[in-house]
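Order of appearance sets the numbers: ligands from 1, and atoms from 1 within every ligand. Everything numeric in this text was worked out from a predicted model, so none of it was measured. Values reported hereafter were calculated over all heavy atoms of this structure, with side chains retained and with hydrogens, waters and symmetry mates removed.
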Amino acid sequence: MTQTNWDAVDGFIEEKLLPYDAALEAALAANRSHGLPAIDVSPAQGKLLHLLARMCGASRILEIGTLGGYSTIWLARALPEGGKVVTLEIDPRHAEVARANVENAGLADRVDIRIGPALKSLEEIGEGGEPFDLVFIDADKPNNANYLDWALRLSRPGTVIICDNVVRNGAVLDESDSDPNVVGVRASLSLLGNTPGLEATAIQTVGVKGYDGFAIGIVG
Ligand code: SAH
Ligand code: DHB
Ligand code: MG
């Protein structure tokens, strides 16, 4: 099996299970025309996030790493009336494209885009506020364990935590790899495994984004 098969099967899954969606397609087109890196979650992955958010009835969602808001739109569409996605993005150009995409999708009233380094925004969000029901971590990988730490502080028992890109073509296996992205992902997997009460797993994925994976956990 090769990337060609993975692309074709993702195309087939989209054809069978993901009806054409003008706002999502427009968001991807805008992201590419503004030169944002093509690292949005895939359509099938976006829908997985959406389904997970609905399955756990999430009404307060935290996303770390907005890019052009493609995953944000999938998540925001899972919200019940009065729900909110807070999404953190360091690059004001990305946030501006995301703002327009979210507006075009009719979701501006339920998406709060915070511009700045996520660790700074997380400190502002702070502890002690209303906890989030679902947290999606998908920003700079060297900070993954820090983001997971914050996700735990901003959680309640039952909060679902999802991390993107935990396999990276299998690079995660190599404990001698000094790439800060790999070191960061390995640290977050260790923390997921060692935090009392947190139950987590990771699933390897193939598809239009190549060979990667998601980690998913539930706070005890
Ligand atoms: N979740 C998006 C993809 C996010 S890509 C989607 O699937 O559609 C990762 C994003 O994290 C990029 O836009 C990048 O600018 C942002 N990022 C990188 N470092 C960051 C930091 N320190 N704080 C906040 N955002 C950061
Ligand atoms: C990269 C980052 C991502 O969040 C992703 O989903 C794919 C690739 C990257 O930085 O290369
Ligand atoms: Mg990602």
Side-chain angles (χ1 to χ4, degrees), residues 3 6 10 21 23-32 34-50 52-53 61-78 85-102 105 107 111-125 134-151 161-172 177 179-185 188 202-216:
Q3 186 64 54
W6 303 344
D10 253 354
D21 187 295
L24 286 167
E25 291 302 319
L28 288 179
N31 294 354
R32 298 301 84 80
H34 286 91
L36 273 53
I39 56 175
D40 334 68
V41 292
S42 72
Q45 292 171 346
K47 189 157 183 184
L48 175 66
L49 294 174
H50 171 88
L52 289 169
I61 297 176
L62 173 64
E63 176 178 65
I64 308 178
T66 316
L67 190 65
Y70 182 74
S71 53
T72 317
I73 293 171
W74 275 112
L75 288 167
R77 283 188 176 165
V85 175
V86 177
T87 182
L88 314 181
E89 174 55 53
I90 197 169
D91 187 327
R93 287 181 324 115
H94 295 183
E96 179 53 32
V97 175
R99 193 201 52 72
N101 286 337
V102 164
L107 297 164
V111 175
D112 178 358
I113 304 174
R114 308 267 177 101
I115 302 171
L119 289 175
K120 187 160 175 280
S121 300
L122 287 162
E123 257 165 48
E124 282 159 18
I125 293 167
L134 183 148
V135 183
F136 178 46
I137 300 176
D138 189 21
D140 50 321
K141 311 311 169 191
N143 270 318
N144 248 32
N146 294 328
Y147 295 148
L148 180 56
D149 206 46
W150 269 110
I161 299 177
I162 305 163
C163 296
D164 195 19
N165 313 116
V166 299
V167 172
R168 311 186 67 88
N169 283 309
V172 70
D177 194 327
D179 176 345
N181 296 305
V182 174
V183 174
V185 167
S188 57
I203 288 292
Q204 304 181 68
T205 58
V206 295
V208 291
K209 290 191 71 184
Y211 170 39
D212 213 326
F214 281 113
I216 178 164

Under 4.0 Å to a heavy atom of E63 - the qualifying atoms of ligand 1, by number:
1 (N)
Go through ligand 1 atom by atom and flag the ones less than 4.0 Å from a non-hydrogen atom of Y147.
21 (C), 22 (N), 23 (N)
Roughly, to 10 degrees, what angle do N165 atom OD1 and D164 atom OD2 form around the Mg ion (ligand 3)?
90°
Ligand 1 atoms nearer than 4.0 angstrom to some heavy atom of G116 are 23 (N), 24 (C)
Distance only, no hydrogens: is a donor on one side chain within 3.5 Å (strictly under) of an acceptor on the other, for N169 and D212?
no
Do the side chains of R32 and D40 get close enough for a salt bridge, i.e. N-O under 4.0 angstrom?
yes
Ion pair present between R99 and E96, side-chain N to carboxylate O less than 4.0 angstrom?
yes
Does the N or O separation between G65 and ligand 1 drop below 3.5 Å for any pair?
yes
Check whether any N, O or S atom of D40, backbone or side chain, sits closer than 2.8 Å to the Mg ion (ligand 3).
no
Output block, N or O contacts of ligand 2, threshold 3.5 Å exclusive:
residue: ligand 2; atom: 4 (O); partner: D138; partner atom: OD1; Å: 2.8
residue: ligand 2; atom: 4 (O); partner: K141; partner atom: NZ; Å: 3.3
residue: ligand 2; atom: 4 (O); partner: N165; partner atom: OD1; Å: 2.8
residue: ligand 2; atom: 6 (O); partner: I39; partner atom: O; Å: 3.4
residue: ligand 2; atom: 6 (O); partner: D164; partner atom: OD2; Å: 3.1
residue: ligand 2; atom: 6 (O); partner: N165; partner atom: OD1; Å: 3.0
residue: ligand 2; atom: 6 (O); partner: N165; partner atom: ND2; Å: 2.7
residue: ligand 2; atom: 6 (O); partner: K209; partner atom: NZ; Å: 2.5

Using a 4.0 Å heavy-atom cut-off, which part of I64 comes near ligand 1: side chain, backbone, both, or neither?
neither
Cationic N near anionic O, under 4.0 Å, D21 to R77:
yes
Go through ligand 1 atom by atom and flag the ones less than 4.0 Å from a non-hydrogen atom of L67.
2 (C), 3 (C), 4 (C), 5 (S), 13 (O)
Near S71 (heavy-atom distance under 4.0 Å), the atoms of ligand 1 are 1 (N), 2 (C), 6 (C), 7 (O), 8 (O)
Heavy-atom distances under 4.0 Å are what count here, so tell me which part of A118 touches ligand 1: side chain, backbone, both or neither.
both
min-distance N/O/S atom, D138 vs the Mg ion (ligand 3), resolves to OD1
Under 4.0 Å from a heavy atom of H94: give me the atoms of ligand 1 that qualify, with their elements.
12 (C), 13 (O), 15 (O)
Please state whether the rings of F214 and F136 are parallel, tilted or perpendicular, taking 30° and 60° as the class boundaries.
tilted
Short list, please: which atoms of ligand 1 are under 4.0 Å from a heavy atom of P117?
23 (N)
Considering only heavy atoms, which of D140, L122, D138 lies nearest to atom 4 (C) of ligand 1?
D138
Given K141, which of N181, D164, D179, N165 fulfils the side-chain hydrogen bond (donor to acceptor under 3.5 Å, both in side chains) condition?
N165
Have a look at ligand 1 and work out which part of E89, if any, has a heavy atom under 4.0 Å from it: side chain, backbone, both or neither.
both
Any N/O/S atom of D212 sitting less than 2.8 Å from the Mg ion (ligand 3), backbone or side chain?
no
